[in-house]
Amino acid sequence: MRLGDMLRLPLTVVLFASALKLTHAEKAERRARRRRFLRELRLSVQQEKAERAERHAAQVQLPREGRPRTRRASRR
């Protein structure tokens with residue numbers, strides 16, 4: 001954190017941040033925890049997307065009744 005950034009923060013935040021000097025092991029542990037969380041999040045999103053794709057693939061759409069849908073020229 002640069003001095004210019006510190007001047008814009010409230011004094012209590014600056015004092016609290018300076019008191020929280022993390023050790024190398026604590027930083028590594030937090031990074032590992034963040035990586036584990038993001039991996040779990042990615043896997044859960046992938047699983048939800050796969051389940052949704054499965055549900056949508058199971059839906060059969062019947063053909064339209066009446067005149068078939070055709071592409072129309074733009075009116076512009």
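Residue indices begin at 1 and follow the sequence shown.
Applying the side chain to side chain contact (heavy atoms under 4.5 Å, CB included) criterion to Arg36, with sequence neighbours excluded, gives Glu29, Ala32, Arg33, Arg39. Arg35 pairs by the salt bridge (Lys or Arg N to Asp or Glu O under 4.0 Å) definition with nothing, not counting sequence neighbours.
No donor-acceptor distance shorter than 3.5 angstrom exists from the side chain of Glu48 to the backbone of Val45, with no hydrogens or angles considered.
Residue Glu51 qualifies as enclosed at atom CD: its count of foreign heavy atoms under 6.0 Å is above 12. In this structure, His24 places its NE2 atom where only 12 or fewer heavy-atom neighbours from other residues, nucleotides or ligands lie under 6.0 Å away.
Looking at Arg52 and Arg55, their side chains come closer than 4.5 Å, going by heavy atoms from C-beta outward.
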